[in-house]
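A quick write-up on the structure given underneath.
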Amino acid sequence: MFLNTIQRLQGFQDVLPDEQPYWDLIGRQARLLAERFGFQRLDIPIIENSDLYQRGVGTGSDFFVQKEMYTIEEGDGESITLRPEFTAGFMRAYLENGLSNWVQPVKLYTIGPAFRRERPQAGRFRQHSQFNAEIIGESDPAADLEVMMLAMSLYRELGFAGLTFQLNSTGCPACKPTYIEALKTFLQDHLEKLSPLDQERLRRNPLRILDSKEKGMDELLADAPHILNYLCADCESHFADLRGLLDALEQSYTINFRLVRGIDYYTKTVFEVWAEGIGAQAAVCGGGRYDILAEALGGPPTPGVGFGSGIERIIRALKENGVHPPLPPVPSVMLVHFGGRTKEEAVKLTYTLRQAGIATRLAFARERRSLKSQLREANKQQIQTVIIVGESELAEGKVALRPLTGGEQTFVALSEVVGVVSSFEF
RNA sequence: GUGGCUGUAGUUCAGUUGGCAGAACACCUGGUUGUGGCCCAGGGGGUCGUGGGUUCGAGUCCCACCAGUCACCCCA
């Protein structure tokens, strides 16, 4: 490498050709399934007014969350932010474009990059890509089921096992505060068992203690109050209905009362899909219901539920599961030549073949280049048939067709090349 | 923001008590006019992450910084 060349930013990645088959596979499968489930594509800007994410994510959420956003203060006083997630932007687009006047609910999906300024680690990058699906305008638990099953179907179709649903309810403004008080009271009675870190969490965001990784917390939290015992009637029946639907589908899930969200706008259902063997970041998908988000953005009360799934983590899980994507097609034929008039003829034939729909590679050479060198190139490119445009063949108005997959070299008239090559089954 | 581990060719890595910078693979060229793969020969490519220090001499020892990686914090 040359000295002082500009390098990639920390936490950003190049996706080289070798990796593209994974992206193609996942993108194709996600679009296919989303549309089979009746979701329509919505793409939103990568940059939005900072207020969207500050209000959406909530100033009452963690201060740290905002520190991890890429926010740019423009010279004219405008503040803009690279999207750290999709949900707030989807709700903004729903409100702004009058989607509440469409047949309800509206089912939308997208796929694209999101940005978070955090320290990279396994499966976490500063730019990552998400497949995102949302159902807006519907409070039926069947909508929760729908997005959950879309996520699960994607992973199944991609062909890996070892997946589990983690399911919980986070309540609503009517019942969540009561639960938080009960949890606080319990923890304060056991303050001496809390690490300094968890004592800090207790002050800042007590729910977060539930997914604490500090020692001894498993035992302590086993006796802690569970939110499911504190749900209001509405939240309780919603959760019961969702469980009933999952049972009816014979879709297994694990109730995880320690599954929490760090963001304010979540209500009722929260869920994740965990995959085995991808390190500390086991979740390939996280989602939930957000019935109070629309109001936080200044809109009318509008229920919503959805999930986001990190593509990089899916790829990581696929590799871990030994799933290999299909390889991309390579050019079927390659034109080689010896410069001069043979080069001109090779160039003409190349574009003629491509117009006929045949994937064609052209040998490049500023000077006369040995046939050996050109054939070596063709071999490495896994070309199936080489078309040799040589002086002697050209003198008879022909070219040589050399199959690299075995078989005899043949000679074909220039005018018949397209027809003959088209008849091959590549 | 915090901590562990790791930084030598495009890649994976070796490099002895401090003494001329290496291998494999990959890439390029050639092996008698223009015939691939296998084989053989040759070639290009490195401020040894960066900067300082110790030393006659540092890839090697010391310090700082940077980057990668894994974990924590946080996780939309």
Side-chain angles (χ1 to χ4, degrees), chain A residues 1-5 7-13 16 18 52-54 56-58 61-69 81-91 114-125 128 130 132 195-198 200-201 204-205 208 211-214 259-266 270 272 278-283 285-288 290 293 306-310 313 334 336-339 342 363 367-394 400-406 408-409:
Chain A
M1 194 189 355
F2 287 99
L3 231 53
N4 298 326
T5 51
Q7 294 183 321
R8 246 187 345 254
L9 256 28
Q10 182 182 42
F12 288 74
Q13 299 185 106
L16 298 178
D18 282 356
L52 174 67
Y53 297 117
Q54 258 145 34
V57 159
S61 298
D62 266 310
F63 168 70
F64 298 94
V65 170
Q66 291 180 47
K67 268 180 56 176
E68 292 185 354
M69 294 199 295
T81 296
L82 268 65
R83 65 184 178 205
E85 54 132 3
F86 288 87
T87 305
F90 263 48
M91 187 58 85
F115 304 84
R116 299 173 187 177
R117 194 178 169 76
E118 59 192 353
R119 282 280 282 270
Q121 67 185 74
R124 300 178 74 167
F125 306 95
H128 73 284
Q130 273 190 28
N132 208 264
S195 66
L197 182 61
D198 281 331
E200 171 61 24
R201 284 189 176 113
R204 214 175 60 222
N205 192 350
R208 273 283 154 201
D211 61 3
S212 169
K213 290 160 190 155
E214 299 293 307
L259 183 66
V260 294
R261 289 274 106 107
I263 301 303
D264 287 346
Y265 59 62
Y266 279 100
V270 295
E272 293 184 350
I278 56 171
Q281 313 302 323
C285 155
Y290 44 89
L293 172 60
F307 72 87
S309 184
R313 282 195 200 174
M334 174 162 160
V336 308
H337 57 84
F338 302 102
T342 66
E367 309 294 338
R368 186 184 180 93
R369 183 175 161 199
S370 77
L371 184 56
K372 179 196 289 277
S373 162
Q374 298 187 68
L375 287 177
R376 274 182 176 160
E377 175 184 331
N379 188 57
K380 281 171 189 157
Q381 292 296 326
Q382 297 175 286
I383 298 292
Q384 305 194 39
T385 302
V386 171
I387 301 176
I388 303 169
V389 187
E391 288 95 345
S392 54
E393 290 88 345
L394 223 45
L401 261 54
R402 179 174 179 78
L404 295 193
T405 47
E408 289 294 301
Q409 183 165 312

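Chain letters run A, B, ... following the sequence lines, proteins first, then strands; residues in each count from 1.
With the nearest nucleotide of RNA chain B identified for both A/G406 and A/K380, A/K380 has the one nearer the 5' end. Between A/V389 and A/E272, the residue anchored nearer the 5' end of RNA chain B, judged by the nucleotide with its closest heavy atom, is A/V389.
Spacing of P atoms, B/rG15 relative to B/rG7, comes out at 11 Å, to the nearest Å. Nucleotides B/rG44 and B/rU2 have their C1' atoms positioned 45 Å apart, rounded to a whole Å. Nucleotides B/rU29 and B/rC20, compared at atom P, are 34 Å apart to the nearest Å. The P atoms of B/rC48 and B/rA9 are separated by 10 Å, rounded to the nearest whole Å.
Within 4.0 Å (heavy atoms only), A/G11 reaches sugar-phosphate atoms of the nucleic acid but no base atom. Among the atoms of the strands shown, base atoms are found under 4.0 Å from some heavy atom of A/I388. Across all strands, A/R201 comes closer than 4.0 Å only to sugar-phosphate atoms, never to a base (heavy-atom distances). Among the protein residues, A/S392 comes within range of the nucleic acid bases, having at least one heavy atom under 4.0 Å from a base atom. A/E393 comes within contact range of at least one nucleobase, with a heavy-atom separation under 4.0 Å. Backbone-only engagement by A/R261 is indicated by non-hydrogen atom pairs under 4.0 Å involving sugar-phosphate atoms exclusively.
Taking side-chain N and O atoms only, A/R368 has a distance below 4.0 Å to OP1 or OP2 of B/rG34. The shortest distance between the side-chain N/O atoms of A/Q10 and the OP1/OP2 oxygens of B/rG68 is below 4.0 Å. Side-chain nitrogen and oxygen atoms of A/S373 include at least one within less than 4.0 Å of the OP1 or OP2 phosphate oxygen of B/rU29. Phosphate contact (OP1/OP2 of B/rA71, side-chain N/O of A/Q121, threshold under 4.0 Å): present. Between A/Q374 and B/rU35 there is no side-chain polar atom (N or O) within less than 4.0 angstrom of OP1 or OP2. Residue A/S370 places at least one side-chain N or O under 4.0 Å from the OP1 or OP2 atom of B/rG30. Remark: A/R376 is in phosphate contact with B/rG37, judged by side-chain N or O atoms under 4.0 Å from OP1 or OP2. Taking 4.0 angstrom as the limit, A/R124 places none of its side-chain polar atoms (N or O) nearer than this to OP1 or OP2 of B/rC74. The side chain of A/K213 contributes an N or O atom lying less than 4.0 Å from OP1 or OP2 of B/rC73. The side chain of A/R369 contributes no N or O atom lying less than 4.0 Å from OP1 or OP2 of B/rG34.
Contact detail for A/D198 and A/S212: the closest heavy-atom pair is OD2-OG, 2.9 Å. Heavy atoms only, all atoms of each residue included: A/V260 and A/R208 are closest at O-NH2, 3.9 Å. For the pair A/V389 and A/T342, the tightest heavy-atom approach, listed with the atom from each and the gap, is O-CB, 3.2 Å. Annotation for A/F307 and A/C285: closest pair CD1-SG, 3.8 Å, computed over non-hydrogen atoms. Taking every heavy atom of both residues into account, A/A363 and A/V336 meet most closely at CB-CA, 4.1 Å.
Among B/rC73, B/rG36, B/rA76, the nucleotide with an atom closest to any side-chain atom of A/L197 is B/rC73. Here the side chain of A/Y266 is nearest to one of B/rA76, B/rG34, B/rC27, namely B/rA76. Side-chain proximity of A/I263 to B/rG36, B/rA76, B/rC73: nearest is B/rA76. With distances taken from any side-chain atom of A/R402 to the nucleotides B/rA76, B/rC74, B/rU35, the minimum falls on B/rU35. For A/F338, counting side-chain heavy atoms from C-beta on, the closest listed nucleotide (B/rG34, B/rA76, B/rC27) is B/rG34. Closest contact between the side chain of A/L371 and the listed nucleotides B/rC28, B/rG34, B/rC74 involves B/rG34.
Taking atom CG of A/L394 as the reference point, atom P of B/rG34 lies 16 Å away to the nearest angstrom. One interatomic measurement links the two molecules: CD of A/Q54 to P of B/rA76, which rounds to 17 Å at whole-angstrom precision. Atom CG in A/D18 sits roughly 13 Å away from atom P in B/rU12 (whole-Å rounding). In this structure, A/F90 atom CZ and B/rA76 atom P are separated by 18 Å, rounded to whole Å. Note: CD (A/E214) to P (B/rU2) measures 18 Å, nearest angstrom. Rounded to an integer number of Å, the gap from NZ of A/K372 to C1' of B/rC39 is 11 Å. As rounded to whole Å, 10 Å separates atom P of B/rG36 from atom CG of A/N379. What separates CZ of A/R119 from P of B/rA67 is a distance of 9 Å, to the nearest Å.
A/Q409 contributes a side-chain N or O that forms a donor-acceptor pair with the base of B/rU35 under 3.5 Å.
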Pairs counted as Watson-Crick or G-U wobble with both distances under 3.5 Å: what dot-bracket string results for RNA chain B, using | for bases tied to another strand? (((((((..((((.....[..)))).(((((.......))))).....(((((..]....))))))))))))....
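Side chains of A/F338 and A/I388 form a contact here, defined as non-hydrogen atoms less than 4.5 Å apart. In this structure, A/Q130 and A/R83 have side chains that are not in contact, with every pair of non-hydrogen atoms separated by 4.5 Å or more.
The CE atom of A/M91 lies 5.5 Å from the OH atom of A/Y290; values are rounded to the nearest 0.5 Å.
Salt-bridge check for A/E85 with A/R261: failed, with every basic side-chain N at 4.0 Å or more from each acidic carboxylate O.
In terms of modelled atom types and a separation under 3.5 Å, the side chain of A/R313 and the main chain of A/A283 share a donor-acceptor contact.
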